[in-house]
Every structure is written in structure tokens, then in C-alpha cells.
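Quick note on labels: first sequence line is chain A, next is B, and so on, each numbered from 1.
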Amino acid sequence: MPETKIISNAKSPMVEIDFSSIKCPGSVLSICEHAFLGHINIRGSLDNSKFAAAAKKSLGIDLPREANTFVEHNAKTILWLGPNEWLLVCDADGTANLVETLKSNFEDIFSAVTDVSGGNTILEISGDRARALLLKGTPLDLHHSVFSKGQCAQTMVAKTGMTLWQVSEDPVYKLIVRRSFSDYLGHWILDAAREYHEE
Amino acid sequence: MLLIECPYCGVRDESEFTYSGEAHIVRPLEPSALSDKEWADYLFYRSNPKGLHREMWYHSAGCRRYFNAVRDTVTYKFKCVYKIGDSQPNLDELSSSAKHPADVEAK
Amino acid sequence: MNKYSIFSLARNAMSHHEKWQRAWRSPSPKKRYDAIIVGGGGHGLATAYYMAKEHGMRNIAVLEKGWIGGGNTGRNTTIVRSNYLWDEAAQLYEKSMKLWEGLSQDLNYNVMFSQRGVYNLGHTLQDMRDIQRRVNANRLNGVDGEVVDAAELQKRIPHLNCSPDSRYPVLGASFQARGGTARHDAVAWGFARAADNLGVDIIQNCEVIGFRRENGEIQGVETSQGYIESPKVGVVTAGSSSVLANMAGLRLPLESHPLQAFVSEPIKPILDTVVMSNAVHGYISQSDKGDLVIGAGIDSYNGYGQRGSFTTIEHTMTAIMELFPIFSRVRMNRQWGGIVDTCPDACPIISKTDIKGLYFNCGWGTGGFKATPGSGWVFAHTVANDNPHELNAAFALDRFISGALIDEHGAAGVAH
Amino acid sequence: MKRIPNGGRIDRSKPVNFSFEGKSYQGFQGDTIASALLANDVKLIGRSWKYHRPRGVVGDGAEEPNALFQVEQGALTIPNVRGTQAPIYDAMVVNSTNAWPSVNFDVMSIFGAFSRFLPAGFYYKTFMWPAKFWMAYEHIIRQASGLGESPRESDPDHYEKTNAHCDVLVAGAGPSGLMAALSAGRAGARVIIADEQEELGGRLLSSSELIDSKPATKWLEETLEELASLKNVTLIPRGTVFGYHDANFLTIAERLTDHLALAQRSGPRERLWRVRAKQVVLATGAHERPIVFGNNDRPGVMLASAASTYTNRYGVLLGDSAVVFTNNDSAYQTALDLKASGMSAVTLVDARASNENLIEPLKAVGVEVINQCAVVNVIGKARVIAAEIQNLSDDGKSIFGAKQRIDCDIVATSGGWNPAIHLYSQSGGKALWNDDKACFENGISVQDQVSVGAANASFSLVDCLTEGAQAGRSAAIAAGFNTKNTRIPGVSCSAGTDLTPLWRTPTEDPPGRGAKAFVDQQNDVGVSDIYLAAREGFESIEHVKRYTALGFGTDQGKMGNISGMAILSEALGNSISDTGTTTFRPNYTPVTFGAIAGPEIGENLSDPVRKTAMHTWHQENGALFEDVGQWKRPWYFPKLNEDIHQAVDRECLAVRNSVGIMDASTLGKIEITGKDSGDFLNMIYTNAWKKLGINTARYGFMLGEDGMVMDDGVTIRLDENRYFMHTTTGGAASVMSWMELWLQTEWPELEVYLTSVTDHWATAAVAGPNSRKVVDSVIDGIDFDKDAFPFMASREGLLAGLPVRVNRISFSGELCYEVNIQANHGCFMWEQLIAAGAKYDITPYGTEAMHVLRAEKGYVIVGQDTDGSVTPIDLGMGWAISKTKDFLGKRSLERSDTARKDRKQFVGLLTDDPKVVLQEGSQIVNNASDQIPLPMLGHVTSSYYSACVGRSIALALVKNGHQRMGDTVYVTTPDKGFVSAKISTTVFLDPQGEKQNA
Ligand SMILES: Cc1cc2nc3c(=O)[nH]c(=O)nc-3n(C[C@H](O)[C@H](O)[C@H](O)COP(=O)(O)OP(=O)(O)OC[C@H]3O[C@@H](n4cnc5c(N)ncnc54)[C@H](O)[C@@H]3O)c2cc1C
Ligand SMILES: NC(=O)c1ccc[n+]([C@@H]2O[C@H](COP(=O)([O-])OP(=O)(O)OC[C@H]3O[C@@H](n4cnc5c(N)ncnc54)[C@H](O)[C@@H]3O)[C@@H](O)[C@H]2O)c1
Ligand SMILES: Cc1cc2nc3c(=O)[nH]c(=O)nc-3n(C[C@H](O)[C@H](O)[C@H](O)COP(=O)(O)O)c2cc1C
Ligand SMILES: [Zn+2]
């Protein structure tokens, strides 16, 4: 997937990192940044049926209740972050509207909706070595019997936090890292991938 | 290297958590009514037991929830975890469920 | 007592070393002592020694649950310095430093006190401000100190990585020339032998399991070897202090944490001073045997297990690699942990308690080895006179009530 | 070359050239340094640590105390390489350690002659006079200590780390480990099996037994093939399991390139595996222990199993004749192996009475067997020439009769076997003494762990295979897999395991008198040292360890510790189980610092480098950076040839006179939402929040419960139930968890949610009299009129169509607008502002100018002007403390000491000489001529030359300072002098705040 790191007046958080410098076929390891997406943090309690209903009304799907899972709906990914917290990833264009919709549907309900799009970026990691690469930095067990498609987790990778989810069994992973840590993570990945270079 | 069960996310590595000290130290409702000595007790004095300890952990790199745990400060084994607000487990019952001598006494 | 000297060594060599006396006796506990010191670490043994030497108390005992020197005394990185920030702390540690300077002769035991100097590195502008502040305060308190810039530091410690390209470049350091290291075991043994020589009973494998008191006064201690009567009990049990306090129905403002350290294989001399860094969190020196002795930061959780988590070791190792990249191919031989009694203001508690005749000397946390002689000296005074010496008056428990804490976190960040 | 014509696991078609002590030698692929040197008949390979006695190879693995080498030179050099485990490769450069100028002629061997003056602990008794000479003595002691040399250059190699999870971790790949891996692997469990050796197989690699009627090595080959074919099994050869931590966390150091010739190496040198295992099977085998006797350290004295290994596995011909000395059955095989290797004379000396069954096979091949005798002494210095034996009494406690001399090249000895319980002990288990087998063994398991095979004191091959298979199966079942029994292969005949303990050959004289008999060769600890320690009252084994250095070396006493314990119990007259062991600790064998640190070192990786959206712009525009927390913040932007002072003066003047721009993105930003947000803030901050108007801002202090200032910042009310908090750059994360702590644990009933938005926003502070014009020209939708948009107000607008929030707050005391934009547009915004400011010569400024500007106004920097012991009242900001409500830390302010009126207080300082800039961190005194210790009043927290004020200014904490305006005090200088200064207010410029309100 082609990466876009600069559009008109925006720069992606990982603008300085060149993943194509990892010299190996994509089937071995492939990494790209999905910048400029919408990220909306949603807080509320599913024990509050009004909140649950309002969320469903706004999103067209229930917020995932089960820990460490995510759902996809209408080009939106909704990740469970905690017992009263979700992250919604969507197209940049729709973000502002969605934030407004959520806020108005949540009117008078104990909740919070916060646009955090500028603070996050997403990496997609795939290939035979994807799992091994991540395992160099994360204490999470990524074996398919433990962590598979449909699951997500917030954890550490190297010395920064990440939100990780598995998109397909191949495996393809996506991970969110905070903007200010992303350049660091980029360097970490380039270093960790050195082993996989094919001269 | 502890292995900690977050009551929300499940079992995770120690590196995702931040230790947060003794649990159930309730902030006095009316601090100004306390003597300096009572206030000092709340602020600084800790039970610091050798053995079972009720303590707080923060899943800082995960769901960012605080929760409580009972852990043995000698074996470092967690006896149980429970959510903030849940009733305190009975330490005597937990300690009698110790598996073997090494569980209660340091090597 | 056999006097130790090169001559006695030679004489004994002639008799195949068969005539050496015990360094200390192995007495059975008496029924009653004038005072009991609980805890046979360096501090406890020093206390007993100075009680006997300075205060003429001869009918006293040190009770140790295991083997003397087996607590933190036997597992610390042996850094000795006195460049603390606040007046009270500086005076206390400086008293200790002065005692160190004559200790081998005083005890007739070579504790190998090596004044090879101690550097505390600064990596940020704020570190450097703090270093200036501390060195200035030290000088006015009569404690030697010097601020060294990065260029000078590079000359003095050629293998230290002072490159501006490191993650947290070394900007400079404070230096205390009189600081250094000592042989930790010898400190315990030297005090034990000297105390024993003055009549102190050192009783090992004798665990205190309870206190007897009446009308708010201490009567004696229950031990694994039976009840022992004494009107004065000084508790010097470091990581176990809360456990002892609990036996007496007291609580302390302490938490016990694992603190880890490790050594490399022995290598030929390469580092002739002590280097500490708060910011990247590691400290290193080379022992006389040749191993690099490296200390970590405390593990965050409470622990009585004398072991900690591997991540802490890794973290410290990263720090050491930042400071001394040349050691990357050297190997780590052994790692271990101690139980440190940390106090909210990173300063010790040397205090009377609400129970008459019961005294606590604790809270030295990650940095009390350097204070061993001084701590014993002031605590001996406190127990003997039922009153603190002016050097330790500020370290009483009441500071937690009044709020007059002596916050040494800055100077003590990694306080070794 | 001393080789057996064929056999063994060396590849005779692949000669390998290497050098030792500058001389060239040849070995074969498959040789270790030790085997290759022995094959070249090099017996003297090093000098001992203290006495510099000549030493040779004793063991064949991790237990080796002597064969430690310096391998390679320069940046690649490695100290203390264990020659028994390190393979040779082409052009390898090997040197001995601890000998000068050479092993054969070592000047320091003079210490050997003085050995009687250097018993255990001699330095505690000497070097005390004259006191000041100790440092000189110490220098000499140090020069003599240490083994190998550290590199003196940075390591060119790279180290990797990985996390791993498995159902079953098997440590050790001998017969028992392999069977465990096999049965767990067949069951489908995720298995990791690691072995520290170059090849998997353990003792099978040197075994002459048959398994399933095939040579053991054939069975090994087939088993490894099957394991390699199982996808769920990970094999890690050259992988030492070196640490067993809590919750079944184990560490493995895998060596990836050290066995290759330098030119063939690529990729990482080592990989550290951080393994979390559900079940652990310890199949780490056992270490043979020698029997201790006089001069037992002479080159050529070795373990019986090692002698077999060198013979069978490496095809080394160890000499022409041998004496094998044993107290147990296992060494009988060694005698057979040595005889079979072609030696002309092999004598087996057994301390026990004769046993026909054992003797028969030996006699058959011409091995002489002598029973109820013991080797008492070894003749020869640089190599063994002969062994002397004497009769042993029935109880094994005395020797008698005439000494008999047997000429030989090697003396192979076996005192029995010590199960490798290291990892078990590290796991927290307490080893138990087994009297029958005379060894310590696995006691109760305290983690999900089991020991098998020789590690479990089961020494026969059948038992090893059986226990391994069972353990593998049980572990798989415990991890949730279903499985049947694994077939146990048949074993021809297993060697016997009978043993009668004999720790040392008794001596006629007390231990201090006769020939030196070594227990721990690496540390030169002899029987006499242990007796001396006991005599001097060091009765605990832990004391003996520390007094004599027993077990302190790189081998951690694998060979000598247990014997040392036994000898101590003999000296003390108690039992071995009373004496007990010392504590087993990681590392099992030493592991490189590089592997433990891993790849996360250096400028980019040792700690995250946090960067703002404008970072590249700053870089391109010449900024120097300051580390603030993990952030890189522009410190100042020097123009050509400017030093820091010139640059900062210029930046400050630009802000005061025209306009400057600063990157303020790093400040922590937290959104606080919910109907109870105001109440919550009331508890978190010292001042009151509920009446704050929407779109207005207020400054707040946050205290710890101890009443001391913890953080500060401006918080804006965005709407009825939403606030936007700023924290300090370094404090952001801790403030967030602090607030969560209170919300979640103490006041869960409050309807408040917190969301960190630090990274979402990029922020530029545009400050200076011309700032209004600059922001007005690029931002639409905001009326920038002074009254429409007053100080401490907040507005939303658009910049090139992008939403921005503009806060009129100021840390410089100037008219100032902080513009916030979604961070992806941060750089764009910055460039727009710069472009718009061009006509006012807009000047980017860094943290240093910011510090000066705020100091001119007397604004506090938490962490610089405070140190965790300062209250808002001390700072002269009592106005920010609410009298009417409770808040965190309030009660502490009333404590007797905290409420004192004469605490250290925040004041200004003006030097009498306006050109003198005080040093930050200087101490302040009343009277410079007082005696040391000189009472101190406080210290200088901030100090600058202020181009705007036209003189130096400083901020300080001074005892009772608020009551001492105008007093003269004295301030230390770097050259140990003092300068005079007067106490002043903290505000040096624009006291009425006209500029920021303009
Ligand atoms: C890894 C590490 C590194 C350190 N590095 C340094 C450093 O470089 N510099 C420095 O100055 N300090 C350092 N310290 C701190 C220093 O070791 C301690 O502050 C100091 O040794 C404390 O001495 P002590 O005699 O009070 O305690 P200990 O030596 O711990 O003695 C207490 C004794 O009390 C005994 N005891 C406990 N309970 C009982 C009972 N119920 N009955 C009888 N006896 C009992 C224990 O067995 C123990 O022997 C370090 C500590 C550690 C763990
Ligand atoms: N006859 C006797 O008295 C006697 C005594 C001892 C052993 N033996 C024989 O030795 C064999 C023992 O088999 P086994 O499988 O129990 O042990 P083993 O010695 O064959 O294998 C153990 C393996 O574990 C490795 N190892 C040890 N610690 C390790 C660690 N921390 N990390 C990685 N690897 C490590 C060793 O290098 C070795 O390769 C049997 O054949 C047995 O008959 C016989
Ligand atoms: C200053 C110092 C130096 C040490 N040097 C060594 C050493 O060279 N070799 C070694 O094996 N252990 C060394 N140790 C560690 C001890 O073996 C031991 O681990 C430590 O005293 C803690 O005791 P424990 O492991 O028995 O619990 C050293 C310890 C200290 C405090
Ligand atoms: Zn969680």
C-alpha cells in the first residue's frame, strides 16, 4: 500500500521514517503508515443503557463490550480500550461530523467524546516476520491460539505504548502509536528489521 | 518478573503496570478535623507487611484502570485481584490456601 | 584479641595459621542484658561497638536472625560518600565519613576503605543546577566537593561516554574526592570482632519474634532462642523494620522494596573511581577483585524476597551501556537483591519511639552503607542516653508529624 | 597432534588454524579451545588467580574453573572465555589470562612461593599501617586482581532481544530434555528447548552407550530430526537458560556468531530470549565433582567425565598413561574409554572395596584396578608426571601405609555428581540433601516446574529417558493438551551409579601443612582456607564463601562448592544438610552486558525521543535542543557565530520589542469532561474553579497530599462541563495518573472523564507587542480586539480553513497568543505564523529565552524553582489557595513545620554589581566570613542576564525571605568566593502587567 506522508498542509507523524529502506520482500516484512485518519476517543458506561443505545444510534453498531476485541462497521473500526473507553478509527473527512453526532446523541448522558486524530498514527505490519518483529518489543503473546483476528490490546512495544489489533490471519497487524513517540518507534522498527534484510 | 491479571484485560506482563502502593488507604473525609499525628498516619505510615499485602496497581500501558490485588510480598505471588470498590478479601482465608511452605516463608 | 598486623600474619604463617583465634565468640544468650541491639548488619554491629567503646556499656548483645552482615550490608554496592544536600544529612554522613577515615585502624581490621572518589553525573540542565546547588552546600558544610565539566570528566574517566550524541549526554558531574568504596563484609566482621573484644555478645541464628512490654516500657525480647530481658532494645533491621515494629504494635512510615545489583566477571583494572548517574539510572565501580559492581534502581513494588524483576536489570544495563559502551562484551556474572526500607524523604529514622526503651534505626533505604559507622555512633548515643545526639535529632519520627522532612530525593535519587 | 585415529564428533576433513599465546596450532571443526589445546598436548593453559600456579583444563563444560581465555584483540576482544565450551574457528586468536609475560613464565608466580602468607582473608589483617599507604597498597592489589581484559573500544556487534511464550520450556537437551521435548512436542504443545552447548545432545555426545540398539549419537540424530520437523517446537542450540525468575519467566542467551570465523560473521551476535512458560522442565544434567587431594590443580588432573568427553567426543589422546581416581561407579567407564583410546597404562584407583562386577570388564582390557586406596598427591608442576597413592581406612577418614607412585600423564577423578539444581534454586525452590546419593537435589517445586534426569539426581540413562518422557507429557497435559505415553527407547546397559562419599583424601597432617589441595581452583581456595575460616569463627557457609571467595568466580563454584560445603561440615563436625548451600542466583553462566542491554541503546533508542510536529523545522533552522523529560525542546536558535548569550539576548529582546514564536506543544494537555468536572478541579487545584467563565482561563497549583507544589498550569473552561488543562512538560504523564487515581479510587461517584490530548494539538506561542497583528493576519473568525479577546480568554477560529483554538495566556508577561491546531497541521501553522510575522522580524525562541522572560516576571518553573519541599505560600502565592474548600494537600499546609512563617521563601536577588550573573545553584548566606559549617539561608534557583532589564536578575529561595526585602546577603561563586546581593521582589519588569494586558 502506498504511503502518504504529506498532503497539502499536513505532515504525518512518521514523515521522517522510510520503511522502504527495509530491504526485504513484502512477503517477508511489509510496513506502512496510515496517517491522517480520524481517531475519536469515546468514554461512557455500557451499563448505562441510554449510553449504549446512543452509541449504537450514532455508529450503527454496538460498542464492543468484550475486552480486547474490536468491531468493524461501515469503514469504521471500533476498538475496546477499557471497561468504559473505546477508540473509533474512521476516515478523516467524516471525523468532525461523527464527533458532533456522538456528542449530540450523548447529550445529558455521562460520557466524553474527544477527537484525538492529531495525536495518533497507524502502522500496518504484515509478512512472515511481522509477528517476530513485534515480539522483539512487546510482551504480549501473539501466537494465533492466543491473539488472532478480531482481537486488540493496549500494551507496550519497546519503550512506548501501543494499541494493537489483528486485521487478518496472515497475519496483518495494525498498531496505533502516539504522535510524539512515533518517530522513536519508527527508528526502533528500522533497527529491529535489520536482521531481515536480504542483501 | 510478575505476571499480573488485570480484572479488565486479563493476564499481562508486569511491564504494562505501575505499582501504586498499599490499597484501602482512605482519604479522611474531614482532614482539617485530624490532628497532625493522625494526618501523618494517613500520609506516611504504611503496614508494609511481610506476607500478604493488599495493594493497588495501575494498568498504565493497558486500560488505564486502577485495581486492587492481594500479593505475597515474599513469594511475589498474586493471591487475587479485585476491582476498586469490591469488598476486601479476607487475608486469613487467602493465607491458609497457601500451596506449600515456600509460599509463606522466604527461602 | 589477636592483634592483626603484617607481623602477626607472618608469625601465624609459621604456625600454619593454626593459632588464629576466633574473630568473635559464639556465646549463648544471657538471661539479661543492659541493652539489646536487634539486627547484626553493619549498623547494628557498629551501634554495639560504639555503645561499648564510647558509652562503656559492656553487658550488651547483638541478636541476628541469620548470619551477621547477611542483610543489606552483604549485598550493597559499597559506595561511600557524604555529599548530601541538606545540612542535617550532610552533617550526619560527614560524621560517618570521618569515622571511615580512621576505621581500619580503630577496629584493627582492614575494611579496605578506598577513597577513590565518587562522581555523580548530570545529564540535563536541571541536573547541573542541582549539582551546583549540592556542591555549594557541601562546601559550606565542610564537605569536600567539586563540579567537573564534561571535558574534564572525559580526561579523568577516559572510558566514559561523554559524546554529545548520546541520548542524555553527560554535561558534567559532582565529584567528592574523599568518597569511594569499602569492603562490605569486612565492615561487618571488623565491627563484630572489635565489639566482641569489648565484651559484646554477638548471637547469630537468633531471631527476635516479639517484644515484651509493661506500662509502655520495654522489658525484653522473645527470640528463637528464648526470652531475653533488657530495659533497652535498639532495632536496626533495615528491610525488616516494619515487621519488627509490627511486633511491638507500632507502624512506621516505611516501605520495603527489592533493590538489585549485579557484578561482572573479574577483569583487569579499568575503572578506578565510582560513577553514578541518577538520570540514566545506574552506578558502577570496580571491586578490588576486579568485578564491575553495578547497582540498579529499586523495584517499584513492596517485596521481602531479596530479588526483583529482570526488567530492572535490563534497564540498568542499558544505562551502563550508555555510559560505558566498552563493557558490552564483558559478561555479567551474578545478580542479587536486597530489601531496602524506603522512607518518604529518603532520609533515615534514628529515633526513640512511644515505647520507652525501644529505639529504631531504619529507613536508610538504598543508601545506608556509607553511614554505617556514623549511624552506629549516633544510635549508640541515643540508646545509651535515651536521647538523640544533636547529629540525629532531626531524624526522629516526629518529623513526619510536624512536616519537617529532610527531602534528600534530589541527592539520593539513586542514593548509593 | 595427540589424536585418536578416528571417532568423535570432530570433522577431521576440516582443519582449523588458531593461535594460542602467539603460537599457531591446528584443531578440527567441532573442537573447543580446550579440546584443541589438549590435542596439541598443551596442558598448561593458565595461571591461577592468587598464587599464579600453573593450571590446566579440568572440566568439559560450564563447570570449568581454569580454562579461561582472552579471545581476539581490539574491539572484538572477549575476556574470560570458557575454553571448554567455546568452539575454535579459523584464525582465532587465543591468549591466556592472568599471566605475564606468558603462561610458561609468569613473573607473578612468585606469589605461589609466598602462598603461606596469603591465606584466606589476609588483606583484612594487613595493610593498615601507615594509614595513608592503603591507597598505594590497594593499587598494587588491584593490579594483581582480575582475570581477562575488557575491550577498550565500543562494541561493533549488535544484540537482539525477543519475547517468547510457550507451553513447555525445556532447559537442557541431553537425553532427558530431548525426551521431554519430544513427548510435549508430539502432544502439540508449544515447546522451546534450549541447550548451552554447540550441539544438542548433552552427555549423549560423548557417550558410548546404545539406545534402541543403536549408538546413542544415532538415536540423537533421529530425535533431533523429528523435533526439527515439529512446527510447534523451537530448538535453541547455543542457548543458555541463565535466569529463572518469578511467574515462570526465564531468560535464554543465544549465541549466534561467536563460533564463526570473523570473516563469516554477519547479523546479530547474540539474542536474549525473554520467555514466559506455562510449564518448565529442567533437564540440565549434573556436574561431576572431583575428589580433593594434594596438588590436585596440576595441569593434567581433570574430571573423569571430562576425560571421557575429550576422548570420545573430541578424539583427543590425553596421554600415554592415566590414573583414574573415583569413589563411584561412573568413572569405570572413563577407565575403559581411556584404555580404548590407546593408552598403554590405565590404573583405576577406587576408594571403595572391590566389586567384581565392576572390575571384570576393566580387567578384560588390561586396566589395573586398585581398591581402598586414594590419590594423595600429584607430582609434576607444569604437567602431571605421576600420582602418589596410599591406603585408605575403611571409614575413609585416614590414610596409611607407604606411598606408591604411579607415573601417568593424566589423573582423572570422580567424586560423584552434583545435579545442576541452579535453575531450580533460582526459581525459589529449596534444594534438599539426599544422603543416599550424596548430593543436593530438587526439593518442593514452587513454580510450575519439574526437574528430570541427572538434574533430578537420576543418573542412569534409562531413568533419564523415562523421567524426560513423563515430564514432557505431564507438562503438555497441564498446559491443556491431550496425549498418550511416549515410548521409552531401550537402553543396552546403563552404567552403575553406586557411590561412597569421599570429598577429599584425608591427610596425615592438619590441612594447613601438607601440599595445597584445592577446592575452588578459580579462587585458589584450598582445604586449609576452609579450615582456617571455620577456626576463625566463620561458621555459616555464607561467611565461608565471602571470607575465602569459595564459589565467587565465573564458574560460581559449579565444580567446588558442594565439596567446599562438605569440607566445612567436616571442619565444624556437623552434617552437610546443616551446612546447606549458598544461594544460587542468576546467571547460570555469565552473559554479555550487550545481550542484556539489547539493541535499545544509543541516541535514538535508549529512551524514546519525543518530538513535536515542528521538530524538523527547528532542526532545519539551527535549533539546539534541550532534553525536557523525554522531549526534545528547542533550547535556542543561534544565528551564525552567536553564542548562547547573544542568541538568548536577541530572542528575548525580539519578544519584548516585536514578536517571538515558541513551540509550546510539549506542555501536557488533558480534557476533563463531565458534570462534576468543576468539583473535581476544586479538589485537584488549590484555588476555586466552579465560577470560571466559559472560554476563560485560570492558573492553578496542584499539590501533593504533603502540601508541596507538584505541578502548575493554566486550565480553560471550554463549556459548562468541559475543561482543558495544561500541565508542565515533564509532569504530564504523572498528573494524568494522579488525577485518574483520585477519580477511580477515591471519588468514583464523580461524573468526570479524563482524556489526554497532549499529542493531538500542536501549539505555538506567539508573544510580543506585535503578536496580535501576526495572529490576526492569519486567523479568521476571531475578533482580536483587546477587549473582545482579553487576557486569559480563549477563542476558536480558522487558520487557512483549519480549526484552531487560540488562548490568550502568557508565560513571558508579554501580549501573547497560544495557537493550537491539530498536530498534523502543526508545521503548516508554524510556517504560516512565521511567514505572517516576517515583517516584524518574528523570532523563534527556545526554552532558554522563555526561562529568562518568565524570570523577568518572577514566574515559577516547577522543578527548577521548586524541589518538592516548597508550598505555594513559600512561593508568595498564598492568593492561589482557597480558604473555603478542601483540596489535595491542604491539610499538610497546617502542620507545625509547614505553617512556620520563616520557611524558605521565593524572592528576587539583585547583585550589587549588575553585571555579575549569579550561578544557579549558588548558596546564600548572611555573613560570608562566618566559620564553616556556615549556616545557609537558601539557594539561587534561577539566574540570568536580562537584556530587557539591562542587568542580571536572579530568583532564590531564602529563609524568611518575604520579610527581608532589601537585605544584603552573600552568594557563593564558582571560585569559592562570595558576591553580595540584595533581596528583592520577584518581578523585575512591568510590575503592573501592562504588557500582557495590552
Ligand atoms: C543492592 C543494594 C545496593 C546498595 N548500595 C548502597 C551503596 O552503594 N551505598 C550505600 O551507602 N548504601 C547502599 N545500599 C544500602 C545499604 O546496603 C543499607 O542501607 C545498609 O547496609 C543497611 O545496613 P543495616 O545494618 O541497617 O541493615 P542490614 O545489613 O540489612 O542488617 C539488618 C539485619 O537485621 C537482621 N534481622 C532482621 N530481622 C530480624 C529479627 N527479627 N531478629 C534478628 N535479626 C533480624 C537481618 O538478618 C540483617 O542481618 C544498598 C542496598 C542494596 C540492597
Ligand atoms: N553413571 C552416572 O553416575 C552418571 C552420572 C551423571 C550423568 N550420567 C549420564 O548423563 C546423562 C544425563 O542426561 P541428562 O539429560 O539428564 O543430562 P545431560 O548432562 O546429558 O544434558 C544436560 C544438558 O543441559 C545443558 N545445560 C545445563 N544447564 C543448562 C542451562 N542452564 N541452559 C541450557 N543448557 C543447559 C548441558 O550443557 C547439557 O547439554 C545420562 O546419559 C546419564 O546416564 C551418568
Ligand atoms: C560489592 C559486592 C561484590 C560482589 N562480588 C561478587 C563476585 O565477584 N562474585 C560473586 O559471585 N558474587 C559477588 N557478589 C555477590 C554475592 O555473591 C552475593 O550474591 C550477594 O552478597 C548477595 O547474597 P546472596 O546472593 O547470597 O543472597 C558481590 C556482592 C557485593 C555486595
Ligand atoms: Zn487492563
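Rounding to the nearest 0.5 Å gives a distance of 8.5 Å between OG of Ser47(B) and CD of Glu255(C). Taken to the nearest 0.5 Å, the CG atom of Asp398(C) stands 11.0 Å off from the CG atom of Asp36(B). Between the OG atom of Ser256(C) and the NZ atom of Lys50(B) there is a distance of 9.5 Å, given to the nearest 0.5 Å. For the atom pair CD (Glu314(C)) and CE (Met1(B)), the distance works out to 6.5 Å, reported to the nearest 0.5 Å.
Both the backbone and the side chain of Leu397(C) come within contact range of chain B, judged by heavy atoms closer than 4.5 Å. With a 4.5 angstrom heavy-atom cutoff, Leu43(B) does not touch chain C via any of its atoms.
Remark: side-chain polar atoms of Arg251(C) are paired, donor with acceptor, to backbone N or O of Tyr45(B) under 3.5 angstrom. The main-chain N or O of Asn48(B) is never found under 3.5 Å from a side-chain atom of Asn302(C) such that the two would form a donor-acceptor pair.
Among the candidates Glu55(B), His53(B), Arg71(B), the residue making the largest number of heavy-atom pairs closer than 4.5 Å to chain C is Arg71(B).
The aromatic rings of Tyr301(C) and Tyr76(B) sit perpendicular, their planes meeting at an angle over 60°, well past the 30° parallel limit.
Counting heavy atoms from C-beta on, the side chains of Glu14(B) and Thr311(C) come closer than 4.5 Å.
By the 4.0 Å N-to-carboxylate-O rule, Asp354(C) lies close enough to Lys37(B) to be salt-bridged with it.
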